[in-house]
Amino acid sequence: MKIKKIDVWFFSLFTFSLLVFLTVIFQQIAVADDDYAGIDVCRACHQKNYDNYLKSSHSKAAIPGNPANSNACESCHGPGLAHVQKAGAKGTGMIAFDKKENPEMKQARCLACHHDSRIVPFWDLSRHKINGVSCSDCHSGHSGMKNNLKKAEPELCFTCHASIRAQVNKQSHHPLKEGLMKCTQCHDPHGGSGPKMVKADTVNELCFQCHAEKRGPYMWEHPPVAENCLTCHVPHGSNHGKLLSSKPPLLCQSCHDATRHPGTIYTRFETFSGSATSGKNRIIARGCLNCHTNIHGSNGPSVRGQYFIR
Amino acid sequence: MRSQTFLPFLLLGLFSLSPAFADDQEDKFSGEISTQGTLVNINGNKAKFNEYGDMQNGLYSDVKLKYDDDKYYVDFYSQNMFYDTQSYDLEGGKWSAFKFNVNYSEIPHNFTYDAQTLYSGAGTANLTYPTQPPSTNTGTWNKFDYSTERKDYSAGFKIDVLKPFFLDFSTAIDEKSGIYPIGAAGTSPGGISLELPAPIDYKTNSINLLAGYVRKPLFISLGYFYSNFTDSNTSFNFRNPSTINTVSATDTYSMPPDNQFYKINLKGALSNLPLNSKFNVDLATADAKSDAVLRNSYVGDVAGGLTNIGLSTPFFNGEVITNNIATSVTSKPLSFLDVKLFLKYDEHENKSNVITITDATQTPATFQNDLFNYRSAKYGTELGFQLPANFNFLGAYTYSTISRERDDIPNDRDNLFSAELRWKGFDFLTARVGYERLDRRADFQLTDPTDINTFIRCFDAASKSGNTYKAYLDLFPTDNFSISLGYKHRDTNYPDTILGLTGDRDDEFLIDVDYLINKRIRLFGSFDYEYARQDQFQRQTVSAVNPSLPPTSTDFNWTAAQKSENYSYMAGSEIFIIPEKLTLRLQYSYLLADGSVDYTYLLGANPLPAGRTQDNIDLPNWDAYRLSSFCIKLSYTVTKAISVAAGYVYERYDYNDAQYDGYQYVPATTGTNGAYLTGAYNNPSYESNVGFVTLTYRF
């Protein structure tokens, strides 16, 4: 029987693939058997990391599948014998979880154990994942901190979100920099279906969790309020009081330019020290809110409620 | 001796016994107690200095306790014990079996101390004064503080012992009390304005229950959330000084009603689908309800007489149902391609009752409350490509529609495109550039040329087009040195807007630097610059509402440009004089916000009102402020167990705003200049000096 040329090629390719496969498999087996240095060897040079490892949940043998039940340090960092034999040299295939390494590879390392966690089922939806952020950018098993965070909030988040830090430093802000609130009270860094990774389906639902008095429902509604708090407010910080995106009366006049006072120009002449003979109480102090305080909604009577002044 | 002062001594005494206990427990029991003595000197506004704080002369104590063995752990952490910022957290559990937490915290929010009002009863639901008209001699007025305090109690329990099933339960009580400034028109239209100290006494109880299953490839959870808000003062009474009738001059203000909210939420994710895909779903339905007894009269005029109104029903039953659906598929069909397809639908259905009001003083005399509903749908895709030469490209497109029950703009359609290119060609560098384009088309419905609303486009729904450009560069040439640069430009135009917000833009530039030199000196700093501008085109009119008509002295257009230029920088250093022993930290920060408003009268040939020019009408200080602070701290680790630190912080805040310059409590007692104010938010500037010494003991 004549052997076709294509069969020879096919047979050669199959044999080559089989050899490659077996080589990889045997390498893996060999790794399992021979290439691990052991935690005591790691400790000899990395005492501080070892101490913090003991403080972390990774060291608890009671947790099934934990590094403590397998190869300890090398469960995450990979086999370290070559690293030891080369006197701690880099480039031996260990994973340092530093910025230079591929984020997907680092994520995969963590998710290999944490894929069954209730914390990360929607990690694929997270902007962090899409933007190449990996678990180890925020977490480290050697930080000694709660949840293995590398830094406390909000400084951890400000490492990347410098623009948000600039907003939080403005005079009107939530008490983040005072340490009385955390970014993760509103945002889920591990992803979800809410806008901007917030821990709610809508912005208003999130805000009402703490500001339940704004929830209403009110007899007299202010539609932009009912639709989205962010129409008038910026959540991270503002130069204007009450986290407003602009300042009354100009904020209100952006939409309310009807006859009578909403459309009136209020200038320096209408301020306390100005010489105007009318209209001052529409700009001084809190502007429109001097009268229309109930802008989030009202149950007041008749037009007093309709125009949010009772 | 006050409890704050007594406590540190008590704790130090107790923990002096801790080494013996710790020995018994080997390394399972550990802890830390920290006591800080603070001296504070404040010149100026103490409330703004302590807006979210309780910094005063005294001793502050923090305690951390930890028990940790191979099976169980318990952590206790308390901060600022017995001060208004105190918090206590107790957490523990059995590894891989269950967790529990019990927490208590307080958050103060101070607005203005020593505000003053003509009323007696500040903080109660009844404000009154003895004689009509009230005294304008503010020296006789009553002083009080505008301040609120939150007290949060929470507890939770998480069970993992039945893995892959899990169960979470948590409950919380949030109490908020204090005094908050509100405003009321004395009479309307055209009356004086009143600033009133309103009582805040809220309580929100909530529970959260979550049960689910998680084992790859399936995650599924069912959640239930319930929140019950109660307000001890759903209305409050005040004597109205703008009326002259001493018998009927008690007015009533409506405050937030009690409400209840529940939400049921089903979430799921299924992975290991073909093409490396994962399907995600999030379904939720929620119901918010409130009840209010409506008033059938109000103080109507300067005479102080009651205006009686007719109501179709005296009870308002508010109810809003929201439904949310979010589904998505994420996939990695090729090694270099990530795909995400998503759909999100939100529905806000107002089922409140419609009240018919009959008020003979109004035109028309019979009218109803409008119920606001909306629906939004959003769908789109994101594509992530891993390209050769270490480039990553992310492209995204989202189309969304919003339908709302509103007369002016019932429908919006948005097209949002974005693209980002990331390059990580070197180990020490990441560069990103991005662009985003938004086009919104709005269906405007009003056509009556005699109604000014026909010319107004509310910016929240108006047609608009926006561009965002951003560029970031992260450099980390060594493990000890990193520098980040960022730039962002955003502009929005409202092409269909005749009256209203016509455009806004924002430019931002950021730098961050961190450098550790020879493990002995760390230098760090940041610089942020932001320029923001908003432009408005408006019309002041008494009859001729069309902005295209030639201007007259009473019907004319005007513009306003709000500008804000902010820059801030921070520079600091940590000097490890004796590594891990003696450290000196120095830090200086500065923030300047320079806000202003440029007004322009568009009067054509008509003269500006007497005394006014296009230049002297502007507001040169519009939330303008500067905040500078300097900190020096020396830390010394005496032994592994004991460390001390001492430091000094200087801070200065200067605020300047046209709305508060030349502040008067009573600008006038009648007419549209008239107001009775209380000093809320007035003059928040301060200068502070804080010295502190901290002693920390670890075991």
Side-chain angles (χ1 to χ4, degrees), chain A residues 60-63 99-100 115-116 118 121 124 162 166 169 171 175 178 180 193 201-202 212-213 215-217 219-221 223-224 226-227 231 239-240 250 253-255 257-259 263-265 267-268 271-273 278-281 284-285 289-291 293 298-304 309-310, chain B residues 52 71 95-96 107 166 182-183 185 193 204 214-216 219 229 253-254 256 259 269 278 282 284 288 290 292 295 298 309 316 318 320 324 326 330 352 357 359 369 372 406 427 452 456 458-460 499-501 510 512 528 538-540 558 593 599 617 619 623 625 658 662 664 672-673 675:
Chain A
K60 305 303 171 189
I63 302 174
K99 287 180 181 178
K100 296 168 186 172
H115 58 76
D116 282 348
R118 73 181 79 168
D124 287 350
N169 284 332
Q171 66 105 353
E178 289 81 2
L180 302 177
S193 54
D201 290 311
T202 63
E213 75 277 11
R215 188 187 284 146
M219 175 180 166
W220 302 109
E221 286 191 302
E227 190 170 319
T231 302
N239 289 335
H240 313 301
L250 288 167
Q253 288 176 316
S254 298
C255 294
D257 194 355
T259 53
T264 305
I265 180 171
T267 70
R268 197 174 185 175
T271 60
F272 281 113
S273 51
S278 68
K280 282 192 171 187
N281 63 15
I284 58 171
L289 302 179
N290 288 331
C291 296
T293 290
S298 173
N299 289 330
S302 188
V303 290
R304 296 290 195 269
I309 57 177
R310 289 290 185 278
Chain B
Y52 291 116
K71 288 185 179 177
W95 296 112
S96 202
I107 302 178
F166 63 87
I182 62 167
S193 55
T204 307
V214 55
R215 173 151 294 171
K216 208 173 180 182
F219 167 85
F229 168 80
Y253 200 97
S254 78
N259 66 55
K278 186 176 178 185
D282 185 348
S290 70
R295 294 193 301 283
Y298 61 90
I309 57 174
F316 173 69
V320 170
N324 311 97
T330 56
S352 305
I357 300 116
D359 184 343
N369 57 322
F372 179 70
R406 218 168 94 174
D427 281 348
I452 196 169
I456 297 169
C458 293
F459 68 92
D460 65 314
L499 296 177
L501 193 65
L510 304 151
D512 265 279
D528 306 309
Q538 308 285 157
R539 183 164 181 79
Q540 180 169 324
W558 55 274
Y599 286 108
I617 54 175
L619 300 172
D623 274 332
Y625 63 92
Q664 299 162 34
T672 57
N673 281 336

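Naming convention: chains lettered A, B, ... in sequence-line order (proteins, then strands); numbering from 1 in each chain.
Across A/Thr271, A/Val303, A/Asn169, the residue that shares the most heavy-atom pairs under 4.5 angstrom with chain B is A/Val303. Note: A/Asn239 leads A/Asp124, A/Asn290, A/Asn239, A/Thr231 in heavy-atom pairs under 4.5 Å with chain B. Of the listed residues (A/Ala226, A/Ala61, A/Ser273), the one with the most heavy-atom contacts under 4.5 Å to chain B is A/Ala226. Your options are B/Ile357, B/Asp427, B/Ile309, B/Leu619, and the one with the most heavy-atom pairs under 4.5 Å with chain A is B/Asp427. Highest contact tally toward chain A, considering only B/Phe166, B/Phe229, B/Trp558, is held by B/Trp558 [criterion: heavy-atom pairs under 4.5 Å]. For the options A/Gly300, A/Pro223, A/Ala166, heavy-atom pairs under 4.5 Å to chain B are most numerous at A/Pro223. Top candidate by heavy-atom pairs under 4.5 Å with chain A, chosen from B/Leu499, B/Thr204, B/Ile182, is B/Ile182. Ranked by heavy-atom pairs under 4.5 Å with chain B, the first of A/Leu180, A/Ile265, A/Thr264 is A/Ile265.
Taking every heavy atom of both residues into account, A/Ser298 and B/Ser254 meet most closely at OG-OG, 3.4 Å. The two atoms that bring A/Cys255 and B/Asp460 nearest to each other are SG-OD1, 4.5 Å, heavy atoms only. Between B/Phe372 and A/Glu227, the shortest heavy-atom distance links the atoms CZ-OE1, 3.5 Å. Shortest non-hydrogen contact noted between B/Trp95 and A/Ala62 is CB-CB, 4.0 Å. Pairing each heavy atom of A/Gln171 with each of B/Tyr625, the nearest pair is N-OH, 3.0 Å. Closest approach of A/Gly279 and B/Thr672 over heavy atoms only: N-OG1, 3.0 Å.
In this structure, the separation between CZ on B/Phe316 and CG on A/Asn299 is 6.0 Å, given to the nearest 0.5 Å. Atoms CD and OG, on A/Glu221 and B/Ser352 in that order, are 6.5 Å from each other to the nearest 0.5 Å. Rounding to the nearest 0.5 Å places CG of A/Asp116 at 8.5 Å from NZ of B/Lys216. One distance of note links OG of B/Ser290 with CZ of A/Arg215; it measures 10.5 Å at 0.5 Å rounding. Atoms NE2 and CG, on A/His240 and B/Asp623 in that order, are 5.5 Å from each other to the nearest 0.5 Å. In this structure, OG on A/Ser302 lies 11.0 Å from CZ on B/Arg295, to the nearest 0.5 angstrom.
Contact annotation for B/Arg406: only side-chain heavy atoms (C-beta onward) come within less than 4.5 Å of a heavy atom of chain A. Interface residue B/Ile617: backbone and side-chain heavy atoms are both found under 4.5 Å from chain A. Only the backbone of A/Leu289 comes within less than 4.5 Å of a heavy atom of chain B; no side-chain atom from C-beta onward does. Using a 4.5 Å cut-off between heavy atoms, A/Ser278 contacts chain B through both its backbone and its side chain. Looking at B/Lys278, the atoms closer than 4.5 Å to chain A (heavy atoms on both sides) all sit in the side chain, from C-beta outward. For A/Glu178, the part lying near chain B is the side chain, with the backbone staying farther off; criterion is any non-hydrogen pair under 4.5 Å.
B/Asn369 contributes no side-chain N or O that, together with a main-chain N or O of A/Trp220, makes up a donor-acceptor pair within less than 3.5 Å. A donor-acceptor pair is defined here as one N or O able to donate and one able to accept, closer than 3.5 Å; such a pair exists between the side chain of B/Gln538 and the backbone of A/Gln253. Side chain of A/Arg310 to backbone of B/Ala185: a donor-acceptor contact under 3.5 angstrom is found. Looking only at distances, no side-chain donor or acceptor of B/Ser96 sits under 3.5 Å from a matching main-chain atom of A/Ile63. Of the possible donor and acceptor atoms, one in the side chain of A/Asp257 sits under 3.5 Å from a partner among the backbone N and O of B/Arg539. At least one donor-acceptor pair under 3.5 Å links the side chain of B/Asn259 to the backbone N or O of A/Ala212. Here the side chain of B/Tyr298 pairs no donor or acceptor atom with the backbone of A/Arg304 at under 3.5 angstrom.
Side chains of A/Pro175 and B/Ile107 form a contact here, defined as non-hydrogen atoms less than 4.5 Å apart. Residues B/Tyr599 and A/Arg268 are not in side-chain contact: their nearest non-hydrogen atoms beyond the backbone lie 4.5 Å or more apart.
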Intermediate values then yes/no, side-chain hydrogen bond (donor to acceptor under 3.5 Å, both in side chains), B/Asp282 and A/Ser193: CA-CA 7 Å; B/Asp282 185 348; A/Ser193 54; 2.5 Å; yes
